[in-house]
Protein chains: 2
Amino acid sequence: MERDIFDILDERSRRVLNAVVRSYIDRPDPVGSRFVTRKYSFGFSSATIRNIMSDLEEMGFLSQPHTSAGRVPTDKGYRFYVDSLSNEAQSEKIIEVPEEFIQQFSRRLDEFKNDISAMFSEVTNTLSSLSNYVSIVLPPKAENTTFNRIDLIKFKSDQIVAILLTDEGIIHNKVIQADPMLKQEDLNRIADFLNVEFSGHTLDEINNMLMQRMKREKAQWDRLISRAISIYEQAMTFAEGDIFVSGLYDLMDLPEFSDISKLRELSKAIKEKHVIMKLLAELSHSEGVQVLIGTENPVTELKGLSVITSMYKEGSRPMGIIALIGPTRMDYSKAIIMVDTITKCVSRTFED
Amino acid sequence: MERDIFDILDERSRRVLNAVVRSYIDRPDPVGSRFVTRKYSFGFSSATIRNIMSDLEEMGFLSQPHTSAGRVPTDKGYRFYVDSLSNEAQSEKIIEVPEEFIQQFSRRLDEFKNDISAMFSEVTNTLSSLSNYVSIVLPPKAENTTFNRIDLIKFKSDQIVAILLTDEGIIHNKVIQADPMLKQEDLNRIADFLNVEFSGHTLDEINNMLMQRMKREKAQWDRLISRAISIYEQAMTFAEGDIFVSGLYDLMDLPEFSDISKLRELSKAIKEKHVIMKLLAELSHSEGVQVLIGTENPVTELKGLSVITSMYKEGSRPMGIIALIGPTRMDYSKAIIMVDTITKCVSRTFED
DNA sequence: TATTAGCACTCTATGTTGGAGAGTGCTAAC
DNA sequence: GTTAGCACTCTCCAACATAGAGTGCTAATA
């Protein structure tokens, strides 16, 4: 499939296409044939370029806003550009991120090790201010984190505060209703029990295996333990974790958002967290940096935008997602590298 | 001072001024003399109204975008309108909020009693979607909340998780570094000590009085207690609480924001939380609903906007602030009542 | 056969012009 | 004190003209 595209276009067409895309990314004016010849010195006249561009349009890589305007890349055109980017990258002149930046940023993240949400805020802020696009971080899904311990504290007569610690240092707390008869000692016993049973397992395992087993065997256990199950289940129904977003306002400067309505849609989509979360989760099944361009995007609200995602991990276990959303006319080479670099820094931080 | 204004303007001028303001709030077109006579049937011809409006302009209540346009209220004009609103309110036809809404909203808030941030999100969302302006909630300042208990949990070898509960149901947690030699039992003793000493005091009192006293008397206490002080101090340095914001995007629909640059400034100001927080804190020293109109506003970023604030309380103790930010051409009567009502609902929720 | 120069054509962006309309301020009459 | 009448001002909008950029096509060229 990809090979096809590279076969259909000869060397020359490919260079012209990439030149048009690059130029358009640089400044959002339709690109004319004369401009291409002048700026990127091919050995051909504008008439020849004109023919090539006409062919590229017929093949769907470029389009004209109107007769006698220059050409603008289509989503397909951007797709070709992005694909050839990663080809180039493998072979030659990829932009290198200065090792110094990586060092410095990693050190910065280390400072936030004790406060994971502050760390994620730092990540989105950095990413959006470097790129001027919208950056999003999804924190690790609860199911992927490892149970460290739970504590139960009696709070007012009929309430319990449940505090769950994970190995990753993520703390969930929740006030739950409970039988007023339960004393702090009872709670301690319940917590001890859960800690012994669950320690070292991921929350996912706990939900799927352990809890099932315990429920089956419930009859054998005393009343306190059946309470433990109920309490744990209540404590575990936390609201879907917050997502970290930054940079929505930087988009306002881009000419494609002078309209505002796109921006509204995006902000709405972000507010409806689950839309974004689902998309990003699906996107990130595969390895490395993923790019979705314009209409490739399954979410209607984002059809006019491009999304770049990557997954950060602890060792080999996937944890969460880092994403960058911008106009289709996005500086892909820069954006991809930034997402990639930042993701690696975050992964590294989780490793030690 | 206020009396002055009411003295300067005779009954008729006041009525005309209020008519112009109301009309302009209704639709953002400069208001002409003819329009005033037709819409608000005074017993005078347009020529008379013209003279009055001319006087009002000279006095600074109205202004003309250009010769031969209608008139537009100045900030001073809005101020007069708002002041006469509250006068009216005391005497007669204030818009009543249906008791049913209050009941319903209060019940809704009760559902969130166990999750205070969810509750504040609900408040901002409701307020902004009712008003179509930006709503902001400042959560209770930490210093104003009452210590309920602290728990210290050993986590990894050199880290402690400190969990602080307040009577208001607000939970702070923080991972702090600590001497690896400290065992869980030691932590329990430290926590017990702090709980006995601090329980029932506000964090403010604790910082000011108790901690000072303890430090002075430190010599008399054993080593563990001096550790307790250090741990408590670390645990207490939490990041300034989040502020809850909603409705920035609804503003985009208003004609005065077609420009976008105002919106950018506002969003920047909100991002710089402390700017907003300081303003709101200062504003809300006094009782009831406060209104700042346009240039009355000390914060430059908000000079073109109006701010309405009110304070929610637990009994008589001030807790946090609810605010609404919109254009100077804001529907003050509606906005003031909404802020007032919602504030009362929140206060009520904290009371029981 | 591939490339290119030349040219007619198309479409946008910009500036100009000329009412129409809304509103004012002033004056003189009531 | 109030109002009718009128000249004046300013904006808004549509109609029109023009410059400029870019295209597609054709015929000449290497």
Side-chain angles (χ1 to χ4, degrees), chain A residues 8-17 19-24 26-74 77 255-256 258-259, chain B residues 8-17 19-24 26-74 77 255-256 258-259:
Chain A
I8 287 170
L9 296 183
D10 57 9
E11 162 77 14
R12 207 176 52 178
S13 308
R14 276 180 281 170
R15 282 184 56 210
V16 171
L17 176 50
V20 172
V21 175
R22 254 196 295 275
S23 162
Y24 190 70
D26 196 42
R27 307 198 323 122
D29 298 322
V31 185
S33 55
R34 217 177 107 72
F35 185 81
V36 172
T37 47
R38 251 187 304 136
K39 184 101 182 194
Y40 308 82
S41 36
F42 295 85
F44 303 100
S45 77
S46 67
T48 310
I49 302 295
R50 205 140 58 229
N51 289 331
I52 299 175
M53 285 170 74
S54 177
D55 294 345
L56 287 170
E57 177 169 10
E58 207 167 342
M59 286 187 273
F61 293 105
L62 298 176
S63 76
Q64 273 181 305
H66 56 86
T67 357
S68 99
R71 257 98 177 184
V72 160
T74 60
E256 35 265 278
S258 58
D259 184 17
Chain B
I8 287 170
L9 296 183
D10 55 11
E11 163 77 15
R12 207 176 53 179
S13 308
R14 277 181 279 171
R15 281 183 58 209
V16 171
L17 175 51
V20 171
V21 175
R22 255 196 295 275
S23 162
Y24 190 70
D26 195 42
R27 307 198 323 123
D29 298 322
V31 185
S33 55
R34 219 179 103 74
F35 184 82
V36 172
T37 46
R38 251 187 305 136
K39 184 100 182 192
Y40 308 81
S41 37
F42 295 84
F44 303 101
S45 76
S46 67
T48 309
I49 302 294
R50 206 137 61 228
N51 290 331
I52 299 175
M53 284 169 75
S54 177
D55 294 345
L56 286 171
E57 178 169 11
E58 208 167 342
M59 285 188 275
F61 293 106
L62 297 176
S63 77
Q64 271 181 305
H66 55 85
T67 358
S68 97
R71 257 96 175 185
V72 158
T74 60
E256 36 263 280
S258 59
D259 184 16

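Chain A is the first sequence line, chain B the second, and so forth, proteins listed ahead of strands; every chain is numbered from 1. Everything numeric in this text was worked out from a predicted model, so none of it was measured.
Residue B/S33 places at least one side-chain N or O closer than 4.0 Å to OP1 or OP2 of C/dT24. Considering only side-chain N and O atoms, B/T67 lies nowhere under 4.0 angstrom from the phosphate OP1 or OP2 of C/dT24. Of the side-chain N and O atoms in B/R71, one or more sit less than 4.0 angstrom from OP1 or OP2 of C/dG25. Contact check, B/R12 against D/dG1: no side-chain N or O comes under 4.0 Å of OP1 or OP2. Of the side-chain N and O atoms in A/R50, none sit less than 4.0 angstrom from OP1 or OP2 of C/dT3. Within the 4.0 Å cut-off from OP1 or OP2 of D/dT3, at least one side-chain nitrogen or oxygen of B/T48 is found.
Across all strands, A/F44 comes closer than 4.0 Å only to sugar-phosphate atoms, never to a base (heavy-atom distances).
When each of C/dT10, C/dG25, D/dT3 is scored by its nearest atom to the side-chain atoms of B/Q64, the top-ranked nucleotide is C/dG25. For B/S45, counting side-chain heavy atoms from C-beta on, the closest listed nucleotide (C/dT3, D/dT23, D/dT3) is D/dT3. For B/S68, the listed nucleotide lying nearest its side chain is C/dA22; candidates were C/dA22, D/dT23, D/dA4.
Counting only heavy atoms from C-beta outward, the side chains of A/L9 and A/F61 approach each other to under 4.5 Å.
Nearest approach of A/P30 to A/Y24, heavy atoms of both residues: N-CE1, 4.1 Å. Closest heavy-atom contact between B/V20 and B/V31: O-CG2, 3.9 Å.
Protein atom CG of B/N51 is 10 Å distant from nucleotide atom C1' of D/dT3, rounded to whole Å. One interatomic measurement links the two molecules: CD1 of B/I49 to C1' of D/dA4, which rounds to 15 Å at whole-angstrom precision. The nearest whole Å value for the distance from the CG atom in B/D55 to the P atom in D/dG1 is 12 Å. In this structure, CD of B/E58 is placed 10 Å from P of C/dG25, rounded to the nearest angstrom. One atom, CE of A/M53, and another, C1' of D/dG22, lie 9 Å apart when rounded to the nearest Å. As a whole-Å value, the separation of B/H66 NE2 from D/dT11 P is 5 Å. The nearest whole Å value for the distance from the CD atom in A/E57 to the C1' atom in D/dG22 is 12 Å. Atom CG in B/D29 sits roughly 14 Å away from atom C1' in C/dG21 (whole-Å rounding).
When the shell of 6.0 Å around CZ of B/R27 is examined, it contains 12 or fewer heavy atoms from other residues, nucleotides or ligands.
Nearest-nucleotide mapping onto DNA chain D: of A/P30 and A/A47, the residue sitting toward the 5' end is A/P30.
When the options A/T37, A/T48, A/V36 are evaluated for a side-chain contact (heavy atoms from CB on, under 4.5 Å) with A/F42, the one that passes is A/V36.
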